[in-house]
Undergrad: 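Dumping the structure here so I can ask a few things about it.
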There are 2 protein chains.
Amino acid sequence: MIKLNGNTYQFSAEIFFEMFDDRLKLMIIWYLSNGSMRFKELSKYLQPITNKTLSSKLKQLEELHLIEREVFAEVPPRVEYTLSPHGQQLKPVIDEVVAWSQHYAKTFGQTINEE
Amino acid sequence: MIKLNGNTYQFSAEIFFEMFDDRLKLMIIWYLSNGSMRFKELSKYLQPITNKTLSSKLKQLEELHLIEREVFAEVPPRVEYTLSPHGQQLKPVIDEVVAWSQHYAKTFGQTINEE
DNA sequence: CTGTATCCAACTCGATACTG
DNA sequence: CAGTATCGAGTTGGATACAG
């Protein structure tokens, strides 16, 4: 049995399932797995998404120690989001997700142009 | 670009993210990755969950071709759920999820007894 | 045992407007 | 640019009751 924050888990995997029980957080990790990105850039890729939602999700990921936030003292302001070490360790998960999805798409989907 | 059912996706991974944007479907896959289970058995592990919700999720997973449903003509009725071939191909994803979670739990959680 | 039918609380997330 | 504030629609999923 595992205690984490206030919660208890029978199996450690339940931590992951609870962590990524929404539509956006793992997608954000996926986008950041190719390098750091700015707020606006992420917003563009996750469209439609509101500033409020994106801001909230990024804050959650930071509290989970999966991403890091760096503020540059510029005008206009620049903020970069990067995977933390624990976030980077999700890369094998992401890789398997991508591999599985490509295979699934090959079976059930139709490819228009290239990916 | 990929067309699947009615939707279009830029990247195949988006299929996965949309497929598992809820709290339960990937957890069910995880439970079934150790072998087939009955309705009641799944319900017990996923507590608290209602029959309606579980039934709905299992139907969705079947429509996605990830699990298979087998009915035995017995009294009382017995229904077994098993991963389909495409569901079994999610095993590497699950394995990486488990590995990552154990590492994460070791860093941030406290283990009471054994897992 | 394996569901289905209603009802509803809670949550997620988008639309819009505004701030430093 | 990078947020925050308010509002509200839609969805998820639990509680309860009932059926084959």
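In what follows, chains carry the letters A, B, and so on, assigned in the order in which the sequence lines appear, proteins first and then strands, with residues in each chain numbered from 1. The model shown is predicted, which means the values in this text are computed figures rather than measured ones.
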Undergrad: With sequence neighbours left out, write down each residue that passes ring-ring contact (aromatic ring centres under 6.0 Å, His included) with B/H103, or none if nothing qualifies.
TA: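 B/H103 satisfies ring-ring contact (aromatic ring centres under 6.0 Å, His included) with A/H86 once adjacent residues are dropped.
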
Undergrad: Heavy-atom contacts under 4.0 Å between residues 69-79 of chain B and DNA chain C, which residues?
TA: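 Contacts with DNA chain C under 4.0 Å: B/R69, B/P76, B/P77, B/R78, B/V79.
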
Undergrad: Verify the distance criterion only: is there a donor paired with an acceptor across the side chains of B/T53 and B/S56 at less than 3.5 Å?
TA: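 No donor-acceptor contact under 3.5 Å links the two side chains.
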
Undergrad: Would you list the pairs meeting salt bridge (Lys or Arg N to Asp or Glu O under 4.0 Å) in which at least one residue belongs to residues 59-68 of chain A, sequence neighbours left out?
TA: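 Qualifying pairs: none.
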
Undergrad: Under 4.5 Å between side-chain heavy atoms, counting indirect links through other Ile/Leu/Val/Met/Phe/Trp/Tyr residues: same cluster for A/F72 and A/L32 or not?
TA: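 Cluster IDs for A/F72 and A/L32 differ.
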
Undergrad: Of the residues in residues 45-60 of chain B, which ones touch DNA chain C at a heavy-atom distance under 4.0 Å?
TA: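 Heavy-atom cutoff 4.0 Å gives B/N51, B/K52, B/S55, B/K59.
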
Undergrad: For A/Q88 and A/S84, which I'm curious about, is there any donor-acceptor pair between the side chains at under 3.5 Å?
TA: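 Judged by distance alone, the side chains do not pair up.
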
Undergrad: At how many degrees, to 10°, do the end axes of the helix from C/dC1-D/dG20 to C/dG20-D/dC1 meet when each uses five pairs?
TA: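 Answer rounded to 10°: the end axes differ by 50°.
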
Undergrad: Is there a side-chain contact between B/L66 and B/I28 in this structure, where contact means two heavy atoms from C-beta onward sitting under 4.5 Å apart?
TA: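 B/L66 vs B/I28: side chains apart.
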
Undergrad: Just the endpoints, please: which first and last nucleotides of DNA chain D, 5' to 3', lie under 4.0 Å from a heavy atom of chain B?
TA: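 Both ends considered, the range comes out as D/dG13 to D/dG20.
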
Undergrad: Checking A/S101 side chain against A/V97 main chain: does a donor-acceptor pair fall under 3.5 Å?
TA: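 Indeed, once roles are kept as given, a pair shorter than 3.5 Å links the two residues.
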
Undergrad: Listed in order of residue number, which residues of residues 14-23 of chain B have a non-hydrogen atom at under 4.0 Å from DNA chain D?
TA: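 Heavy-atom contacts with DNA chain D come from B/D22, B/R23.
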
Undergrad: Using 0.5 Å steps for rounding, measure from the CG atom of B/L4 to the OH atom of B/Y9.
TA: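 That separation rounds to 5.5 Å.
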
Undergrad: To the nearest 0.5 angstrom, please state how far the CZ atom of B/F39 sits from the OG atom of B/S55.
TA: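 It is 5.5 Å, given to the nearest 0.5 Å.
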
Undergrad: At a heavy-atom distance below 4.0 Å, which nucleotide of DNA chain C is the first touched by chain B, and which is the last?
TA: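 Counting from the 5' end, contacts occupy C/dC1 to C/dC7.
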
Undergrad: Output every pair passing salt bridge (Lys or Arg N to Asp or Glu O under 4.0 Å) with a member in residues 12-31 of chain B, not counting sequence neighbours, ordered by first then second residue.
TA: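 Of all non-adjacent pairs touching residues 12-31 of chain B, those that pass salt bridge (Lys or Arg N to Asp or Glu O under 4.0 Å) are B/D22-B/K25, B/D22-B/K57.
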
Undergrad: Got a sec, which pairs hit salt bridge (Lys or Arg N to Asp or Glu O under 4.0 Å) with one end in residues 95-111 of chain B, sequence neighbours left out?
TA: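 Qualifying pairs: B/K91-B/D95.
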
Undergrad: Please report the interatomic distance CG(A/L46) to CG(A/L24), rounded to the nearest 0.5 Å.
TA: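 Atom-to-atom, A/L46:CG and A/L24:CG are 6.5 Å apart.
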
Undergrad: Would you mind listing every side-chain hydrogen bond (donor to acceptor under 3.5 Å, both in side chains) that reaches into residues 30-42 of chain A, with sequence neighbours excluded?
TA: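 Sorted pair list: A/S36-A/E80.
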
Undergrad: Heavy atoms only: give me the nearest A/L26-A/F16 pair and the separation to one decimal.
TA: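 Closest pair (atom of A/L26, atom of A/F16, distance): CD2-CZ, 4.2 Å.
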
Undergrad: Go through the structure and list residues passing salt bridge (charged side-chain N to carboxylate O under 4.0 Å, His left out) with A/E74, not counting sequence neighbours.
TA: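 In terms of salt bridge (charged side-chain N to carboxylate O under 4.0 Å, His left out), with neighbours along the sequence ignored, A/E74 is linked to A/R78.
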
